[in-house]
Amino acid sequence: MKKIILSFSIAFCAFTGYSQDDGFESIVKAGAADSNTLMGAYIAPAMEGLVYSMSGGWYHTAKTHKQLGFDITIGFNGAIVPSEKEIFLLSQLDFQNNYTASSDVTPTVAGNGTPSEITFNTSEGNVTFTMPEGVKDDLPINAVPAPAIQASLGVFKSTDLMVRFVPEVGSDHVKGKLFGAGFKHNIMQYFGPLDRLPLNISVLGAFTTMNVDYDIQSESSIDGSNQAAEFKLNSYTVQGIASLDFPIVTVYGGLGFTGGKSKLNVLGTYEYATNGSATNNATIVDPINLSYTPSSVRASLGARLNLAFFKIFADYTVQEYSNVTAGIAFSFR
């Protein structure tokens, strides 16, 4: 399971959680209401962080292309998880059933440390499981990653159309795809002779959508059928951006807003034995349905090195999950 998480989080930014003894799916033993509460707290940094990282890296200058000019950009976006979201306290959650735990503190998907072992007193009987571990030690700068391959094309009136795309790729157990589109419109053309300055000011709008399917059944520690997880994420950003474009160096920044929605559905039938039972005596169907709607004002500052058509850039964005972006671009006209 760990290899799946690492490869997929880097390639598609999906988190499915893992532990040494229990899997992602073990949380469903808590029952419909409490499994949603537990999973909601555990996976929140991934589901929220992805919304922010998916909206990063849309520009590295406010300058637009000439008509039919274009660039191809390969970049990395990482939404840095706030330290307070690396753990959560069980005592601060609203559970339907009574429980006991080895520790009140347990890591989120973006944390580390020893996960808590929990026993719930459900209507079917007592159930005990260990929460999944976090993946903090395996992520660069503890950032929720969203790599992007993007193309921009100059169309008319100092306007660029932008597209980012990742076809469905993955393994037999985890598959994901990503698509995004946006525009950038340079408004310096409306300020007369000021458009001769190295200063460029543009408005930018973009959205990104990502879908991930994870086959739980293939590695599940719980009996059942059709066990799967669906991740659906949508992100948008609206910004005013500016840049000082010199032959060798470009300095750029922006102010705006980012938001979106992410959903997780854990589907299928899960059959398990309560404590003391020799056979499965509890069943739950389609146990988890979670939704997140993060949003934040954002402010960015970055720089780009211009080596003819080859560009190297990096920037930092302050927002709820601050974002780091770095990459290269090949730009023509």
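Position 1 is the first residue of the sequence; numbering continues from there.
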Does atom NZ of Lys63 have more than 12 heavy-atom neighbours, drawn from other residues, nucleotides or ligands, at distances under 6.0 Å?
no
Is it true that Met47 and Val28 fall in one hydrophobic cluster, defined by side-chain heavy atoms closer than 4.5 Å?
yes
Measuring from atom OG1 of Thr64 to atom CG of Asn200, what distance do you get when rounded to the nearest 0.5 angstrom?
7.0 Å
Contact list for residues 261-271, test side-chain hydrogen bond (donor to acceptor under 3.5 Å, both in side chains), sequence neighbours left out
none
Please determine whether residues Val166 and Met210 belong to a single hydrophobic cluster, defined as Ile, Leu, Val, Met, Phe, Trp and Tyr linked transitively by side-chain heavy-atom distances below 4.5 Å.
yes
OH of Tyr272 to CD of Glu124, rounded to nearest 0.5 Å, is 5.0 Å
Spatial distance of atom CG (Asn36) from atom CD (Gln96) [nearest 0.5 Å]:
11.0 Å
Report, one line per pair, each donor and acceptor closer than 3.5 Å where one atom sits in a side chain of residues 283-292; sequence neighbours left out.
unit_1: Asp286; atom_1: OD1; unit_2: Gly268; atom_2: N; d: 2.8
unit_1: Tyr292; atom_1: OH; unit_2: Gly40; atom_2: O; d: 2.8

Any side-chain heavy atom of Asn306 within less than 4.5 Å of one from Ile248?
no
Side chains of Thr128 and Thr119: any donor to acceptor distance under 3.5 Å?
yes
Side chains of Thr61 and Asp245, donor plus acceptor under 3.5 Å:
yes
Could you grab the distance from atom CG of Asp213 to atom NZ of Lys177, nearest 0.5 Å is fine?
8.0 Å
Linking I/L/V/M/F/W/Y whenever their side-chain heavy atoms sit closer than 4.5 Å, directly or via other members, would Phe129 and Leu90 fall into one cluster?
yes
Without swapping roles, check the side chain of Ser277 against the backbone of Thr274 for a donor-acceptor pair under 3.5 Å.
no
Within-4.5 Å side-chain heavy-atom neighbours: Thr108 and Ile87
no
Write out all pairs satisfying ring pair (Phe, Tyr, Trp, His ring centres under 6.0 Å) with one or both partners inside residues 86-120, taking only residues at least two apart or from two chains.
Phe95-Tyr99, Phe95-Phe120, Tyr99-Phe120
Donor on one side chain, acceptor on other, Asn126 and Asn121, under 3.5 Å:
yes
Is it true that Thr258 and Thr237 share a donor-acceptor pair across their side chains at a distance under 3.5 Å?
yes
Within a reach of under 6.0 Å around CG of Leu197, are more than 12 heavy atoms found that belong to other residues, nucleotides or ligands?
yes
Kindly give the heavy-atom pair with the smallest separation between Ser53 and Asn77, and that separation in Å.
O-CB, 3.3 Å
Polar side-chain atom of Asn211 near backbone of Lys232 as donor-acceptor pair, under 3.5 Å:
no
Is there a donor in the side chain of Asp104 and an acceptor in the side chain of Ser91, or the other way round, less than 3.5 Å apart?
yes
Could you state whether Trp58 and Phe76 fall into the same hydrophobic cluster, counting links through intermediate Ile, Leu, Val, Met, Phe, Trp or Tyr residues with side-chain heavy atoms under 4.5 angstrom apart?
no
From CG (Leu50) to CD1 (Ile43), nearest 0.5 Å
9.0 Å
Closest heavy-atom pair, Ser103 versus Ser116, reported as atoms and distance to 0.1 Å, is O-OG, 2.8 Å
Compare every heavy atom of Asp315 with every heavy atom of Gly302, then report the nearest pair and how far apart it is.
CA-CB, 3.5 Å
Restricting to non-hydrogen atoms, name the atom on Lys29 and the atom on Ile222 that form the minimum distance, rounded to 0.1 Å.
CE-CD1, 3.8 Å
Residue pair Leu68 / Arg333, side-chain heavy-atom distance below 4.5 Å
yes
Would you say the side chain of Asp160 lies within less than 4.5 Å of the side chain of Leu153, judging by non-hydrogen atoms?
no
Does the gap between the ring centers of Tyr214 and Phe231 come in under 6.0 Å?
no
Any side-chain heavy-atom pair from Pro115 and Pro132 closer than 4.5 angstrom?
no
Using atom types as modelled, flag every donor-acceptor pair under 3.5 Å from a side chain in residues 316-324 to any protein atom, sequence neighbours excluded.
unit_1: Thr317; atom_1: OG1; unit_2: Arg298; atom_2: NH2; d: 3.2
unit_1: Thr317; atom_1: OG1; unit_2: Ser300; atom_2: OG; d: 2.6
unit_1: Gln319; atom_1: NE2; unit_2: Tyr321; atom_2: O; d: 3.1
unit_1: Glu320; atom_1: OE1; unit_2: Tyr52; atom_2: OH; d: 2.5
unit_1: Glu320; atom_1: OE2; unit_2: Lys85; atom_2: NZ; d: 3.2
unit_1: Tyr321; atom_1: OH; unit_2: Glu48; atom_2: OE1; d: 2.6
unit_1: Asn323; atom_1: OD1; unit_2: Ala79; atom_2: N; d: 3.4
unit_1: Asn323; atom_1: ND2; unit_2: Thr325; atom_2: OG1; d: 3.1

Would you kindly say whether Asn97 and Thr122 are connected by a side-chain donor-acceptor distance under 3.5 Å?
no
Please, which pairs that meet ring pair (Phe, Tyr, Trp, His ring centres under 6.0 Å) have at least one residue in residues 242-268, sequence neighbours excluded?
Tyr59-Tyr252
Using side-chain heavy atoms (C-beta onward) and a distance below 4.5 Å, is Leu267 in contact with Gln227?
no
Heavy-atom pair with the smallest gap, counting every atom of Ala30 and Leu38:
CB-CD1, 4.3 Å
Counting heavy atoms not belonging to Phe309, are there more than 12 under 6.0 Å from its CZ?
no
Side-chain donor-acceptor contact under 3.5 Å, Thr73 with Asp71
yes
For Ser158 and Gln189 the tightest heavy-atom approach is CB-NE2, 3.4 Å
For the residue pair Met54 and Leu233, establish whether any side-chain heavy-atom pair is separated by less than 4.5 Å.
yes
Could you check whether any side-chain heavy atom of Met39 comes within less than 4.5 Å of a side-chain heavy atom of Leu264, counting everything from C-beta outward?
yes
Ring pair (Phe, Tyr, Trp, His ring centres under 6.0 Å) pairs, two or more places apart, involving residues 175-212:
His185-Tyr190
Is it the case that the side chains of Thr250 and His60 hold a donor-acceptor pair, with the cut-off being a distance below 3.5 Å and no angle test?
no
Straight-line distance of Ile187 CD1 to Thr159 OG1, nearest 0.5 Å:
11.5 Å
Using the rule that Ile, Leu, Val, Met, Phe, Trp and Tyr join whenever any side-chain heavy atoms are under 4.5 Å apart, tell me whether Leu301 and Ile201 fall into a single cluster.
no
